[in-house]
Amino acid sequence: MSDPLILGIESSCDETGVGIVRGTTLLADAVASSVDEHARFGGVVPEVASRAHVEAMVPTIKRACAAAGVSLTDLDAIAVTAGPGLSGALLIGTSTAKALSTTLDIPVFAVNHLAGHVVVDELEHGPLPAAAVGLLVSGGHSSLLMVGDDVQVVTSLGATIDDAAGEAFDKIARLLDLPFPGGPWIDREALQGDPKSIDFPRGLTASRDLQERPYDFSFSGVKTAVARWIKQQQQLGNDISVPDVAASFQEAVVDVLTRKAITACKDTGIDHLVIGGGVAANSRLRALAAERCAAAGINLRIPRPQLCTDNGAMIAALGSKLMRQGAQPSPLGFPTLSVLPVSTVLMHEQG
Amino acid sequence: MVMLAVDTSSPATSVALLDGADLLAHEVHVDARNHAEVLAVMVERAWKSAGLPRISAVACGVGPGAYTGLRVGVSSAQAYGLGWDVPVYGVCSLDAMALAASDASASPFACAIDARRREIYWAQYDQAGSRAQGPFVTMPGEIDADVRALPWFGEVAVTYSSLLNSEGAHRVAYPDAMHIGRFAVHQLALGTSIDETLIELAAHGDDSGATAAALHGQSLLRPLPLYVRRPDAVESKK
Ligand SMILES: [Zn+2]
């Protein structure tokens with residue numbers, strides 16, 4: 001008997017994603033992004049994102065089915081992001097999933113977006129080991145977590161106490177007159193710059209912080225420091241080297257992210273690190289993580305950039321794993337939770 | 001032909017199953033904050049109670065109304081249509097209220113849904129229940145005095161009883177899926193079809209009267225929210 005066929009729906013931020021997965025095989029990954037509509041606002045506007053999801057959802061589902069060569073009636077289950085994310089945006093995905101569940105008479109798994117970012121790597125590098133540390137970095141989240149053999153057992157190790165890493169990239173890009181979203185532009189500029197030219201602060205790495213919050217992040221300090229540095233140089237009448245600022249800022253962020261992720265692996269005795277989220281596309285993060293993991297004897301797994309950013313395939317991958325592990329589907333009245341904790345991988349409750 | 005109708009454009013979530021003029025199932029739940037939790041459960045319950053008939057069309061109230069709730073109904077309706085592989089029709093939720101109100105009024109009248117921020121979504125109807133003007137989003141005090149003197153329907157009119165003639169307003173408190181369905185069944189019987197030119201408007205209409213002008217004489221709409229307002233967002237200065 002072949003593995004069940006799962007359709008995953010993601011609408012927690014500005015991407016309308018629909019993925020189709022059988023077992024750990026990716027069959028389709030259709031994404032409609034409203035990022036261009038947000039660019040003129042300099043950040044994701046929830047109302048704009050929600051309006052775009054309503055228009056994009058059905059066409060994206062049809063596109064995914066066509067790409068996978070399956071029809072909706074072939075599906076065995078639906079998985080959908082129930083949180084965390086923008087509450088109005090989440091509801092469009094969950095409403096769609098519930099209606100499909102009724103009409104197709106198949107179960108629905110209402111799942112945690114963050115766990116999806118880790119499990120998606122099964123589509124790229126095969127089944128996850130019995131335990132893995134996940135480092136999730138995007139415009140919406142920055143967290144360190146631990147995924148067990150039972151995918152429903154996810155433990156939060158730490159998270160940002162202020163800005164998300166991707167948010168910091170966007171803000172610095174804006175200071176440097178680079179377009180939104182800022183990540184790819186900072187990455188590109190940084191290639192020409194010297195990461196050691198300016199010493200920007202590494203958040204929560206003072207010895208006391210390392211003891212008290214070893215796995216938490218803070219990016220508001222480095223953001224303020226960059227803004228202050230630029231202003232000082234302008235007042236002094238100095239030319240600002242965008243590549244040097246970009247490289248130095250990026251190095252400060254990536255240094256902390258990788259250092260804390262490695263520490264988490266060592267402290268927990270887990271020798272697999274999975275990196276996900278939009279910032280996982282950053283070339284310096286990938287290079288430094290590879291270097292430090294190799295030195296520490298840790299197996300590094302990073303899916304290709306397309307699977308790192310928000311997509312429906314990651315939700316389908318998680319639904320598929322839950323189903324293979326015999327998890328009970330969610331009741332039709334499940335709620336969405338914009339602040340769904342990492343530890344709730346699957347919604348069991350009625351709203 | 002059995003039609004599923006839903007409406008979530010007001011604090012009420014409502015579901016109806018109709019077989020032509022026959023009402024097979026009907027349920028209303030009033031709670032402004034949990035449309036998304038109750039709608040799918042109500043639809044499944046209604047469909048089961050009617051004996052799981054084959055559904056041949058879906059109709060949904062497309063507002064205007066509070067956006068978050070509205071999108072729950074519209075997204076759901078689109079997906080019911082997709083899953084059952086049947087057409088989905090949008091109905092202006094005020095028009096469905098008017099269908100209910102036309103029995104209760106012997107003269108031209110107006111229907112309203114709360115738009116928050118001290119504004120209302122409203123439209124004016126002739127004695128037979130056909131839309132004469134609207135929908136608009138306005139502060140009640142800005143509406144012409146002769147229109148304000150008409151009988152108003154909709155719970156929100158009671159909130160503005162000093163400005164609107166709201167004596168009988170509670171008789172049709174909210175849009176109801178039953179009337180969404182009846183409206184759609186009636187229009188389909190008349191041979192009405194969806195005007196495709198309204199796609200852009202449904203998504204991006206503003207409050208300058210463009211929505212009202214474009215919707216003039218339109219009855220069956222695309223299943224997309226009728227926002228009437230633009231999104232509140234400030235473009236960055238750069
Ligand atoms: Zn994400």
Side-chain angles (χ1 to χ4, degrees), chain A residues 9 11 37-55 57-59 61-62 65 71-73 75 78 82 86-106 108 174-175 177-180 331-336 349-351, chain B residues 4 6 8 13 31 33-48 52 54-55 58 60 62 66-86 88 199-200 202-205 222-225 227 229-238:
Chain A
I9 297 175
S11 70
E37 293 179 56
H38 301 285
R40 63 200 169 100
F41 302 109
V44 173
V45 182
E47 175 61 21
V48 172
S50 293
R51 290 188 177 201
H53 284 305
V54 175
E55 293 184 39
M57 187 58 74
V58 167
I61 293 173
K62 287 181 173 170
C65 286
S71 107
L72 284 174
T73 51
L75 296 173
I78 308 268
L86 303 170
S87 54
L90 287 166
L91 289 173
I92 293 150
T94 57
S95 296
T96 303
K98 289 178 181 193
L100 288 177
S101 163
T102 295
T103 54
L104 303 170
D105 193 21
I106 53 177
V108 60
R174 206 184 317 181
L175 287 177
D177 275 324
L178 299 171
F180 172 86
L332 202 54
F334 72 81
T336 57
E349 303 294 321
Q350 292 281 350
Chain B
L4 166 70
V6 300
T8 57
T13 300
D31 181 342
R33 287 157 309 167
N34 68 351
H35 296 100
E37 284 82 359
V38 300
L39 179 64
V41 175
M42 288 167 67
V43 168
E44 205 164 271
R45 192 157 53 216
W47 191 35
K48 277 183 182 154
L52 301 171
R54 205 185 124 81
I55 307 288
V58 177
C60 66
V62 295
Y67 305 154
T68 301
L70 187 55
R71 281 191 283 258
V72 167
V74 169
S75 308
S76 301
Q78 288 184 14
Y80 287 116
L82 178 71
W84 279 318
D85 195 21
V86 299
V88 186
I199 300 170
E200 191 64 15
H204 305 293
R222 293 266 305 190
L224 289 171
Y227 293 112
R229 279 189 190 125
R230 285 188 187 285
D232 290 321
V234 183
E235 296 206 19
S236 84
K237 291 283 175 280
K238 313 203 72 160

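Just so you know, these numbers use all the heavy atoms, side chains as well, and skip hydrogens, waters and symmetry mates. To find a chain, count down the sequence lines: A is the first, B the second, and so on, and within it residues start at 1.
Using a 4.5 Å cut-off between heavy atoms, A:I92 touches chain B through backbone and side chain atoms alike. Neither the backbone nor the side chain of A:S87 comes within contact range of chain B, judged by heavy atoms closer than 4.5 Å. Interface remark: A:I61 contributes side-chain atoms only to the contact with chain B (heavy atom separation under 4.5 Å). Heavy atoms closer than 4.5 Å to chain A are found in the side chain of B:V74, but not in its backbone. Both the backbone and the side chain of A:T102 come within contact range of chain B, judged by heavy atoms closer than 4.5 Å. A:L332 touches chain B through backbone and side chain together, each having a heavy atom under 4.5 Å away.
Annotation for B:D85: atom CG does not count as buried by contact number, only 12 or fewer foreign heavy atoms lying within 6.0 Å.
At least one side-chain heavy atom of A:S11 sits under 4.5 Å from a side-chain heavy atom of A:M57. Between A:V44 and A:L86, some side-chain heavy-atom pair lies under the 4.5 Å cut-off.
For the residue pair B:V88 and B:A77, the shortest heavy atom distance occurs at CG2-O, 3.6 Å. A pairwise comparison of heavy atoms in A:L90 and A:A82 identifies CD1-O, 3.9 Å as the closest pair.
Heavy-atom pairs under 4.5 Å with chain B peak, among A:P46, A:S50, A:P335, A:P331, at A:S50.
A salt bridge links A:E47 with B:R71: the distance from a Lys NZ or Arg NE/NH1/NH2 to an Asp or Glu carboxylate oxygen falls below 4.0 Å.
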